[in-house]
Amino acid sequence: LDPDLRQLPVPQLGTAQRQPLHQMLDQTYTDGLLVLNKGRVVYEYYNGCLTPSGEHATMSMTKSVLGLLIEILIAQGVLDDQQQVTDWIPELKDSAFAGASLRDALNMATAVAFDEDYANPESDLWRYARATDALPKPADYTGVTGNLEFLTTLQTVSGEHGEQFHYSTVNSDVIGWVASRATNAAAAQLFSDVIWQVIGAQQDAALKVDAYGIGYVGGGLQANMRDLGRLGLALLNAANADDASTFASAARTILFGSDG
């Protein structure tokens with residue numbers, strides 16, 4: 001490790017001054033930081049309850065890991081990104097996802113109307129959070145339960161699928177459902193078999209589930225910081241190398257837009 005990085009001058013929030021990196025990390029309640037240089041860990045910082053062997057919630061970075069998984073399955077020929085999601089999930093044929101392709105969902109370009117407003121308790125996001133147990137259900141709750149059942153309740157579109165980017169966590173739930181249906185494997189098992197074992201992770205990750213045990217692929221991955229470093233390094237190496245593996249093909253598609 002490079003002890004000098006601890007004293008690296010960085011901007012001090014709200015001022016024109018600079019301060020040592022370790023002070024900024026303390027002041028911003030940062031749980032952890034890992035720096036890689038030329039394939040080696042040169043700096044690690046842990047705070048609070050996070051330790052070198054601990055796991056940290058990755059929140060919406062889960063979507064990026066899911067995207068890698070889907071691109072690998074496409075490269076393997078398991079999935080066709082031009083097929084409609086309802087080809088795999090007929091349960092959604094009467095929902096707003098009807099007519100959307102897997103690529104539309106992967107690119108966050110479905111026209112499904114979903115209000116992802118974290119500050120509004122009346123938004124679709126809060127309704128989704130209660131259905132999936134991300135938030136406690138009120139005593140008088142009468143809505144649906146679980147990620148997948150919630151998706152069937154989305155009935156409104158706000159345009160044409162594939163025409164406009166619209167960030168929406170429910171797109172991740174749909175493509176996770178497609179992957180599990182196409183492979184007959186749970187999301188956690190797919191993450192393990194297709195990604196975690198391939199990168200040589202030092203320990204297991206965890207995936208939050210709903211009341212039915214369905215993995216929350218839009219934000220539920222918890223992982224060791226060193227393993228997240230391994231994942232980033234694996235993507236970088238695969239994209240820059242003359243590698244014909246499906247992992248490398250998926251990495252190039254993610255980083256460069258195509259495997260060309």
Side-chain angles (χ1 to χ4, degrees), residues 57-74 78-81 83-89 91-92 95-118 123-135 144-154 156-158 161-162 164-183 185-192 194-196 205-223 228 231 235 250 253-254:
T58 68
M59 305 305 289
S60 285
M61 181 184 161
T62 308
K63 296 179 176 70
S64 299
V65 182
L66 174 67
L68 173 61
L69 169 66
I70 298 300
E71 291 292 358
I72 291 173
L73 294 177
I74 291 171
V78 175
L79 297 176
D80 179 348
D81 64 348
Q83 280 189 250
Q84 295 188 8
V85 296
T86 52
D87 291 345
W88 293 282
I89 315 295
E91 295 93 330
L92 294 178
S95 77
F97 288 99
S101 70
L102 176 60
R103 179 55 63 182
D104 292 335
L106 189 59
N107 288 350
M108 294 281 181
T110 67
V112 176
F114 183 79
D115 177 18
E116 192 149 337
D117 186 347
Y118 290 80
S123 69
D124 292 328
L125 179 75
W126 282 60
R127 188 165 60 90
Y128 166 82
R130 286 187 282 269
T132 60
D133 296 307
L135 289 175
V144 300
T145 294
N147 295 34
L148 307 187
E149 189 174 352
F150 178 83
L151 296 176
T152 67
T153 70
L154 299 174
T156 306
V157 294
S158 57
H161 296 307
Q164 185 173 346
F165 176 84
H166 174 63
Y167 182 89
S168 178
T169 295
V170 293
N171 285 316
S172 298
D173 289 319
V174 166
I175 63 178
W177 194 356
V178 167
S180 289
R181 181 65 60 82
T183 61
Q189 190 64 53
L190 289 171
F191 280 155
S192 176
V194 180
I195 299 176
W196 231 238
L207 187 65
K208 178 183 177 293
V209 298
D210 66 11
Y212 297 120
I214 302 299
Y216 178 36
V217 294
L221 181 67
Q222 300 174 75
L228 293 174
L231 176 58
L235 281 168
T253 298
I254 289 170

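These numbers were taken from a predicted model, which means no experiment stands behind them. Quick note: residue numbers are just sequence positions, from 1. The figures here come from the full heavy-atom set of this structure, side chains too, leaving out hydrogens, waters and symmetry mates.
- Checked against side-chain hydrogen bond (donor to acceptor under 3.5 Å, both in side chains), E71 has the following partners two or more places apart in sequence or in another chain: R103.
- Here the side chains of F97 and I89 are not in contact, with every heavy-atom distance at 4.5 Å or above.
- A heavy-atom distance below 4.5 Å is found between the side chains of L66 and I175.
- Annotation: salt bridge (charged side-chain N to carboxylate O under 4.0 Å, His left out) contacts of D133 (sequence neighbours excluded): K137.
- Taking Q83 as the reference, D87 meet the side-chain hydrogen bond (donor to acceptor under 3.5 Å, both in side chains) condition, with sequence neighbours excluded.
- In this structure the side chain of F165 never reaches within 4.5 angstrom of the side chain of N107, judged on heavy atoms.
- Between S158 and Q164 the shortest side-chain heavy-atom distance does not fall below 4.5 Å.
- By the side-chain hydrogen bond (donor to acceptor under 3.5 Å, both in side chains) test, E116 pairs with Y118, T169, sequence neighbours left out.
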Show your working on side-chain hydrogen bond (donor to acceptor under 3.5 Å, both in side chains) between N147 and T132 and close with a plain yes or no. CA-CA 5 Å; N147 295 34; T132 60; 4.6 Å; no

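- Within the 4.5 Å cutoff, no side-chain heavy atoms of L151 are placed close to those of E91.
- Not one N or O on the side chain of T62 forms a donor-acceptor pair closer than 3.5 Å with the backbone of G218.
- Every residue meeting the side chain to side chain contact (heavy atoms under 4.5 Å, CB included) condition with I214, not counting sequence neighbours, appears here in chain and number order: L148, D210, Y212.
- A donor-acceptor pair under 3.5 Å links the side-chain atoms of S95 to the main chain of L92, judged by distance alone.
- Residues satisfying the side-chain hydrogen bond (donor to acceptor under 3.5 Å, both in side chains) criterion with Y167, sequence neighbours excluded, are S60, K63.
- Residues satisfying the side chain to side chain contact (heavy atoms under 4.5 Å, CB included) test with A186, not counting sequence neighbours, are none.
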Would you check, one step at a time, whether the test side-chain contact (heavy atoms from CB on, under 4.5 Å) holds for W88 with L79? CA-CA 10 Å; W88 293 282; L79 297 176; 3.8 Å; yes

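- Among residues two or more places apart in sequence or in another chain, the side chain to side chain contact (heavy atoms under 4.5 Å, CB included) test is passed with V65 by F191, I195, L221, L231.
- The side chain to side chain contact (heavy atoms under 4.5 Å, CB included) with V178 is formed by just one residue from the set I70, T86, L73, V85; it is V85.
- The backbone N or O of D117 lies less than 3.5 Å from a partner atom in the side chain of S123, making a donor-acceptor pair.
- Counting only heavy atoms from C-beta outward, the side chains of V78 and T183 approach each other to under 4.5 Å.
- Taking each heavy atom of A100 and T110 in turn, the nearest pair found is CB-CG2, 3.9 Å.
- In terms of the salt bridge (charged side-chain N to carboxylate O under 4.0 Å, His left out) criterion, residue partners of D124 (sequence neighbours excluded) are, by chain and number, R127.
- Taking A129 as the reference, A134, L135 meet the side chain to side chain contact (heavy atoms under 4.5 Å, CB included) condition, with sequence neighbours excluded.
- When every heavy atom of L106 is checked against every heavy atom of G67, the shortest pair comes out as CD1-CA, 4.1 Å.
- Side-chain atoms of L102 and D80, non-hydrogen and from C-beta on, never get closer than 4.5 Å to each other.
- Under a 3.5 Å cut-off, the side chain of H161 and the backbone N or O of A98 do form a donor-acceptor pair.
- A side-chain donor-acceptor contact under 3.5 Å links S101 to the backbone of D104.
- Shown here are the ring pair (Phe, Tyr, Trp, His ring centres under 6.0 Å) partners of F150, two or more places apart in sequence or in another chain: Y128.
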